[in-house]
Amino acid sequence: MAENSPPTQEASVLRNDFRADGFRVAPNPAARSERERAAALADPGFGKHFTDHMVLVDFSEARGWRDPRVVPYGPLPLDPAATALHYGQEIFEGLKAYRHPDGHLRLFRPEMNARRLAASAARLALPQVPTELFLETIRQLALIDASWVSDREGVSLYLRPFVIGTEPVLGVRPARRAIYAVIASPAGSYFDHSGGGISLWLSENHSRAGAGGTGAAKCGGNYAAALVAQTEAQARGCAQVLFTDADTRTWVEEAGSMNIFFVFADGTLVTPPLNGTILAGVTRDSIIRLARERGHQVHERPVSITEWQRAADTGDLVEVFATGTDAVITPIAKLVTERAVIETPAGGSGSITARLTCELTAIQHGTVADLRGWMYDLGVPPR
């Protein structure tokens, strides 16, 4: 939207607002009732319901980041020629807020998300959001919408920060104006793997990313390019799609939007290396650290589909799981291909997958001490 455009509906909402810690705050006059909120929290799903507010911060090349504000959740004012719509200048992050037993709201390793958003911005030629601004926007939104953060086990508040190019220009160049926004949604389980794990479909015709591309950035184009393969997976009864490298279609890369781990009979964990085409997952990094602290060897090395098949056939491969902010840790029961089904035993309560899941989620939900400084304290929400 041009800087000299007429006032929008959003601007009129902000006219009588007030300042809090440098943020303008406009409470939502149409906030959901306690009954509506309780119904959403009883069955949150993932990304189905959204809280009452959002954060917006404007950027211009001339003035930098300015006017941080909390406003009612609603449509964005966006020019039809905005670069986000025509050239895909869009990046995002995902992290969760948890309500701990002491009443505080806390985030899990948000500094990593801030760094990754900055790296994605650099790759997509968008302005980088300073870490301090990133953390403060999350704090502002989580505290004003704290009633959406459930204390029920397995439920959290998913936060989605994103940056979009908003300059109306059809010339192919980086946008000189952008909006940084944060929205939030209560989140339950991403997958139903009560039956022992999910199945993956091996995509042999589509690639998620290639060398020199945007695979290491968290941008919408990567996910849009994966949707056709995801549709194929669902048509074959699989919950997600497995991508291999674009050059040889030999080496395992990502399971949909998740990183993948293999557990061998000797207790060794193996995960594909970060090679520029794989997203550096926060959960991935955390699992590597937790597993090593438990005495497991963890190798970051290439894994081929042939090795997966052979190790499963011999019994040397005993568990496979995927990790991500949305899915946390998700067991993988089988890989379905055009020619075969590779099955992996579902790990029970004593499995490495289960033990790592219990330890990670206990840290996130505050039921065990955080000895690594991973939890970021947002404070106690005002009553």
Side-chain angles (χ1 to χ4, degrees), residues 1-32 47 49-85 88-95 97 107 110 113-114 117-118 120-121 124 126-146 148 157-169 174-186 218-220 378:
M1 184 175 63
E3 291 185 356
N4 59 354
S5 297
T8 62
Q9 182 178 7
E10 176 198 270
S12 65
V13 169
L14 291 171
R15 203 168 287 150
N16 296 315
D17 57 9
F18 62 93
R19 299 182 65 84
D21 297 326
F23 277 66
R24 296 193 292 152
V25 180
N28 191 339
R32 257 68 58 85
H49 310 281
F50 296 93
T51 64
D52 297 306
H53 298 87
M54 62 184 182
V55 171
L56 298 177
V57 189
D58 298 320
F59 175 88
S60 71
E61 193 173 69
R63 300 173 60 189
W65 293 108
R66 69 189 191 282
D67 195 17
R69 57 205 186 272
V70 179
V71 298
Y73 181 92
L76 293 175
L78 196 63
D79 192 288
T83 60
L85 301 177
Q89 272 201 291
E90 179 270 350
I91 57 173
F92 65 95
E93 267 302 320
L95 66 163
L107 306 173
N113 296 95
L117 186 69
S120 297
L124 273 291
L126 282 163
Q128 296 183 25
V129 178
T131 296
E132 297 79 6
L133 178 59
F134 179 90
L135 294 173
E136 183 60 18
T137 56
I138 300 297
R139 189 182 77 85
Q140 291 280 342
L141 184 58
L143 291 180
I144 197 170
D145 281 340
W148 287 88
L157 183 68
Y158 181 81
L159 294 138
R160 170 58 62 87
F162 61 95
V163 181
I164 58 174
T166 57
E167 183 184 4
V169 58
R176 294 172 183 154
R177 288 206 296 275
I179 285 179
Y180 165 57
V182 187
I183 57 176
S185 173
K218 200 167 178 67
C219 61
L378 297 174

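Residues: numbered from 1 along the sequence shown.
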With sequence neighbours excluded, tell me which residues meet salt bridge (Lys or Arg N to Asp or Glu O under 4.0 Å) with Arg160.
none

Nearest heavy-atom neighbours spanning Ala175 and Gly165:
CB-CA, 3.9 Å

Polar side-chain atom of Thr51 near backbone of Ser185 as donor-acceptor pair, under 3.5 Å:
no

For the CD1 atom of Ile179 and the CG atom of Leu126, what is their distance to the nearest 0.5 Å?
12.0 Å

State plainly whether the residues Asp58 and Arg69 are in salt-bridge range, i.e. N to O under 4.0 Å.
yes

Would you please name every residue forming a side chain to side chain donor-acceptor pair (under 3.5 Å) with Asn28, sequence neighbours left out?
none

Would a distance-only check, ignoring hydrogens and angles, find a side-chain to backbone donor-acceptor pair under 3.5 Å from Asp79 to Thr166?
no

Please list all pairs passing the ring-ring contact (aromatic ring centres under 6.0 Å, His included) test where one or both residues lie in residues 60-79, with sequence neighbours left out.
Phe50-Tyr73, Phe59-Trp65

Under 3.5 Å donor-acceptor, Ser120 side chain and Lys218 backbone:
yes

Please give me the minimum heavy-atom distance between Val70 and His53, naming the atom from each residue.
CG1-CB, 3.9 Å

Return the minimal non-hydrogen interatomic distance between Met54 and Pro72, and the atom names on each side.
CE-O, 3.8 Å

Are Pro127 and Glu61 close enough that some pair of their side-chain heavy atoms sits under 4.5 Å apart?
no

Closest contact, heavy atoms only, Val163 versus Ala178:
CG1-CB, 4.2 Å

